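Quick notes on the structure that follows.
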Amino acid sequence: MHYLEREFYRRDTLTVAKELIGKYLVREYEGTLLAGRITETEAYIGAIDKACHAYGGRKTERTRTLYEPEGTAYVYFIYGMYHCMNVVTEPEGTAAAVLLRGVEMIHGLEVSARLRYGREYEELTRRQLQNFADGPGKLCKAMAISREQNRVDLCSAGFYITDTFPGCINEELEIGASPRIGIDYAEEAKEYPWRFYVK
DNA sequence: TTCAGGATGTACT
DNA sequence: GTACATCCTGAAC
């Protein structure tokens, strides 16, 4: 198993967002391997996108990460209690990223259940299983991702994205596109079909 | 099964 | 002071 190389992230952000569907987000957490198959992403492109934190070249302490080299993790705190994780795309100096909006956990479920709900996996309700990591804040909680992971290079061991995961078969996936979620403020950009998901 | 309302801290103006 | 790339709960259907 190997992580995706930097060239993967260097490309056009919409392409990266689409191709990240079906890949595996892997994180080594206190000795256990947590892994989830990516099921939903969104592209954010600073140069042309009013929904992007770095729209129009905005540079602040928070958005600084978006200008980092491709393959860097951009993690920020939102709504007082959640985190969102992105992967920076395109060359250094260009502000763009892909938000990870959902994964299906495939490894480390026992540890992940305690992180997510503070309960054992066997004790989870049907609803809790359904809602396990199908949202940007949920997947961060399920995989213990917080601001400590901001600016971390994903082209390295310990925290990365990969094409294959032991025991998992990569099926042909039908990918849908739609407008992005939760960006009503973004005027014309809110209509852009930059959200990708497994149909 | 869907929906409104509230929780919560920080970045930015 | 305000807005925020969200999620959970409980109540209505």
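Just so it is clear: chains get the letters A, B, ... in the order the sequence lines come, proteins before strands, and each one is counted from 1. Values in this document were obtained by computation on a predicted structure and should not be read as measured data.
- Below 30°, between 30° and 60°, or above 60°: for Tyr24(A) and Phe165(A) the angle between ring planes is between 30° and 60°, a tilted geometry.
- Ranking dC12(B), dC7(C), dA11(B) by closeness to the Glu61(A) side chain, first place goes to dC12(B).
- Closest approach to the Ile78(A) side chain among dC4(C), dC7(C), dC12(B) is made by dC4(C) (side chain taken as heavy atoms from C-beta onward).
- Taking a pair to require two hydrogen-bonding distances under 3.5 Å in either a Watson-Crick or a G-U wobble arrangement, dT8(B) remains unpaired.
- Of the two residues near DNA chain B, Tyr79(A) and Arg58(A), the one whose nearest nucleotide lies more 5' is Tyr79(A).
- Residue contacts shown for Arg127(A) include a base, since a base heavy atom lies under 4.0 Å away.
- Following rounding to the nearest Å, Ile181(A) (CD1) and dC7(C) (C1') show an atom-to-atom distance of 14 Å.
- Distance, His83(A) NE2 to dA5(C) P: 15 Å, rounded to whole Å.
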Test log, rule salt bridge (charged side-chain N to carboxylate O under 4.0 Å, His left out), inputs Arg6(A) and Glu70(A): CA-CA 6 Å; Arg6(A) 207 168 301 285; Glu70(A) 63 276 18; 5.3 Å; no
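- Between the CZ atom of Arg62(A) and the P atom of dT10(B) there is a distance of 13 Å, rounded to whole Å.
- Note: NZ (Lys138(A)) to P (dC7(C)) measures 5 Å, nearest angstrom.
- Considering Leu14(A), Val98(A), Ile38(A) as possible partners of Phe196(A), the one that fulfils the side chain to side chain contact (heavy atoms under 4.5 Å, CB included) test is Leu14(A).
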Does the salt bridge (charged side-chain N to carboxylate O under 4.0 Å, His left out) test come out yes or no for Glu42(A) and Arg180(A), once each step is laid out? CA-CA 7 Å; Glu42(A) 282 178 1; Arg180(A) 295 169 292 175; 5.3 Å; no
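- The separation between Phe77(A) atom CZ and dC4(C) atom P is 16 Å, rounded to whole Å.
- Between dC8(C), dA5(C), dT13(B), one nucleotide has an atom nearer to the side chain of Cys52(A) than all others, and that is dA5(C).
- Between Tyr185(A) and dA5(C) there is a side-chain polar atom (N or O) within less than 4.0 angstrom of OP1 or OP2.
- For the pair Met85(A) CE and dT6(C) P, the interatomic distance rounds to 16 Å; values are reported in whole Å.
- Between Glu40(A) atom CD and dA5(C) atom C1' the separation is 11 Å, expressed in whole Å.
- One donor-acceptor pair, N or O on each side, does fall under 3.5 Å between the base of dA5(C) and the side chain of Tyr76(A).
- With hydrogens and angles ignored, the 3.5 Å screen pairs a side-chain donor or acceptor of Arg27(A) with a backbone N or O of Ala144(A).
- Using a 4.0 Å heavy-atom criterion, one finds that Ile183(A) contacts the sugar-phosphate atoms exclusively.
- Judged by Watson-Crick or G-U wobble contacts below 3.5 Å, the nucleotide dA5(C) has no partner.
- Closest to the side chain of Met81(A), from the set dC12(B), dT8(B), dC8(C), is dT8(B).
- Distance Phe196(A) CZ to dA5(C) C1': 15 Å, rounded to the nearest Å.
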